[in-house]
Colleague: 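Pasting a structure below so you can have a look.
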2 protein chains.
Amino acid sequence: MFSKACEYGIRSATYIALNSLEGRRVSLKEIAKEIDSPVAFTAKILQLLSKNNIVDSVKGAYGGFDINRTKIDKLMLSEIVNAIDGDKIYVGCGLGLKECNADKPCPVHEKFVGIRNDLRKMLENTSLYEMATGLEMGLTYLKR
Amino acid sequence: MFSKACEYGIRSATYIALNSLEGRRVSLKEIAKEIDSPVAFTAKILQLLSKNNIVDSVKGAYGGFDINRTKIDKLMLSEIVNAIDGDKIYVGCGLGLKECNADKPCPVHEKFVGIRNDLRKMLENTSLYEMATGLEMGLTYLKR
DNA sequence: ACTAAATAGGATATAATTGTCCGATTTAGG
DNA sequence: CCTAAATCGGACAATTATATCCTATTTAGT
Ligand code: FES
Ligand code: FES
């Protein structure tokens, strides 16, 4: 569904959001440990999220990553997915035709767009705040 | 969503079904041309579908691929996807945790399983017959 | 028997994704 | 000023997915 990079990206952002809500800035090392991801690869993804203004990064001692608190409830999963995987899950055809196009649809088009739209809506309506609070309350997990 | 192999597999099977309904057996070359896929790679996928008893293959001159006519309306997309991509789309966690598990869910689990079940139901309820007749009536396409 | 056309299958090549390593730079604190 | 801790960014390595090539085998027709 999503690339590994995107999965790590969402998990990273969620963990950063959780800590930013509590006023803590977190380091790459801590993030990778808490979401159980390869450190150096996670670094690349965080760079990308930083360039896309999804997370803020601070270099040097006591540096790390955080997210502006006022932004956390406005930041939607769709923005993270878009920054990492682009829009291919929205525009791609389920059967791999050049692009999804209702004027010359593939045999699953009709049924596929419904599911894809549900996915899009889900991503557009799920905020990092919602993700982070579920974690905080011990209802959900970022590793296992 | 699906692997390239799976996309080619579905498109191949649909094209074979269409022709089997009309009593024609089709060759690899023709299939690859009509679904616009790489010939040799498509051959591998057809081998796999053949081993899984989804399509029948006939060697030698005038050989090719077909699907038993009485089977076409019972063959569901889910069987093809399962033969090629396995069950990872059903059991995999949306955020990449070891496996999807409601007892220790990731932050998107609740919303994700709904979408995934819709996808599963769609695949389980869509027959090759349905796919092929849409094609036959010129409503849908396998290449563009 | 021979030939041409077709699938089967193993070996190999290419591309994309995932993952690692290391030096450069930045920064807080002693 | 120095050091330690941290991100940045480029180069590289490993793995997986995609794609190609070639030979063997099968089969209908002549
Ligand atoms: S054309 Fe295939 S999903 Fe829209
Ligand atoms: S645990 Fe992540 S989708 Fe179910």
Side-chain angles (χ1 to χ4, degrees), chain A residues 1-13 15-16 19 24-67 81 83-86 88-89 92 95-96, chain B residues 1-13 15-16 19 24-67 81 83-86 88-89 92 95-96:
Chain A
M1 185 76 82
F2 305 122
S3 67
K4 280 284 165 201
C6 194
E7 292 173 353
Y8 297 148
I10 295 174
R11 277 150 63 195
S12 293
Y15 184 72
I16 296 169
N19 281 278
R24 297 180 60 231
R25 184 187 292 150
V26 287
S27 73
L28 164 65
K29 252 200 296 191
E30 178 181 341
I31 296 168
K33 190 180 165 202
E34 292 303 319
I35 72 169
D36 191 23
S37 67
V39 179
F41 192 41
T42 306
K44 297 293 190 227
I45 298 158
L46 288 170
Q47 275 181 52
L48 192 56
L49 293 182
S50 175
K51 278 178 189 158
N52 281 271
N53 292 313
I54 289 166
V55 305
D56 296 318
S57 77
V58 177
K59 285 172 129 185
Y62 293 80
F65 298 88
D66 58 17
I67 301 178
V81 172
I84 300 175
D85 279 355
K88 66 185 166 194
I89 51 168
L95 294 190
Chain B
M1 185 78 82
F2 306 121
S3 67
K4 280 284 165 201
C6 195
E7 292 173 354
Y8 297 149
I10 295 174
R11 277 151 64 195
S12 294
Y15 184 73
I16 296 168
N19 282 279
R24 298 179 59 232
R25 185 186 292 150
V26 286
S27 73
L28 165 64
K29 251 200 299 191
E30 177 180 341
I31 295 168
K33 189 181 164 203
E34 292 303 319
I35 72 169
D36 190 24
S37 67
V39 180
F41 191 42
T42 306
K44 296 294 189 221
I45 298 158
L46 287 170
Q47 274 182 54
L48 193 57
L49 292 182
S50 174
K51 278 179 188 157
N52 280 270
N53 292 314
I54 289 166
V55 305
D56 295 319
S57 78
V58 178
K59 284 172 132 187
Y62 295 79
F65 298 89
D66 58 16
I67 302 178
V81 171
I84 301 174
D85 280 354
K88 66 184 165 194
I89 51 167
L95 294 190

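A note on names: the letters A, B, ... follow the listed sequences, proteins ahead of strands, and every chain is numbered from 1.
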Colleague: For A/Lys29 and C/dC21, give me the distance from atom NZ to atom C1', rounded to whole Å.
Modeller: 16 Å
Colleague: Any side-chain heavy atom of B/Leu49 within less than 4.5 Å of one from B/Ile84?
Modeller: yes
Colleague: How close do A/Ile67 and A/Ala13 get, heavy atom to heavy atom, and via which atoms?
Modeller: CD1-O, 3.8 Å
Colleague: Separation of A/Phe65 atom CZ from D/dA6 atom P, in whole Å?
Modeller: 11 Å
Colleague: I'd like to check A/Ser12 versus A/Ile35 (side-chain heavy atoms, cut-off strictly below 4.5 Å). Are they in contact?
Modeller: yes
Colleague: Does a side-chain N or O from B/Ser27 land closer than 4.0 Å to OP1 or OP2 of C/dA5, or not?
Modeller: no
Colleague: Considering just the side-chain nitrogens and oxygens of A/Ser57, establish if one lies under 4.0 Å of OP1 or OP2 belonging to D/dA6.
Modeller: no
Colleague: Among pairs that include at least one residue of residues 41-66 of chain B, which meet salt bridge (Lys or Arg N to Asp or Glu O under 4.0 Å), considering only residues two or more places apart or in two chains?
Modeller: B/Arg25-B/Asp66
Colleague: B/Phe2 CZ to D/dT18 C1': how many Å, rounded?
Modeller: 18 Å
Colleague: Nearest whole angstrom, please: distance from the P of C/dT7 to the CG of B/Asp56.
Modeller: 13 Å
Colleague: Whole Å only: how far is the CD atom of B/Glu30 from the P atom of C/dA5?
Modeller: 16 Å
Colleague: Mind listing the closest non-hydrogen atom pair of B/Thr42 and B/Ser37 along with its distance?
Modeller: OG1-OG, 2.6 Å
Colleague: Would you mind reading off the distance between A/Arg11 atom CZ and C/dT18 atom P, rounded to a whole angstrom?
Modeller: 13 Å
Colleague: Listing time: all N or O pairs from protein to nucleotides 24-30 of chain D that are below 3.5 Å?
Modeller:
{"unit_1": "D/dT26", "atom_1": "O2", "unit_2": "B/Gly60", "atom_2": "N", "d": "3.3"}
{"unit_1": "D/dT27", "atom_1": "O2", "unit_2": "B/Ala61", "atom_2": "N", "d": "3.1"}

Colleague: Once you round to the nearest 0.5 Å, how far does CG of A/Asp85 lie from CD1 of A/Ile10?
Modeller: 8.0 Å
Colleague: Rounded to the nearest 0.5 Å, what separates atom CD1 in A/Ile31 from atom CZ in A/Arg11?
Modeller: 12.5 Å
Colleague: Without decimals, in angstroms, what is the distance between B/Arg25 CZ and C/dT7 C1'?
Modeller: 12 Å
Colleague: Starting at CD1 of B/Ile16, measure out to OG of B/Ser57 and round the result to the nearest 0.5 Å.
Modeller: 9.5 Å
Colleague: Would you say a side-chain N or O of B/Lys51 is under 4.0 Å from OP1 or OP2 of C/dA8?
Modeller: no
Colleague: Check DNA chain C against residues 39-50 of chain A and give the residues with a non-hydrogen atom under 4.0 Å, in numerical order.
Modeller: A/Ala40, A/Phe41, A/Lys44
Colleague: When you check the gap from the basic side-chain N to the acidic O, do B/Lys33 and B/Glu30 get nearer than 4.0 Å?
Modeller: no
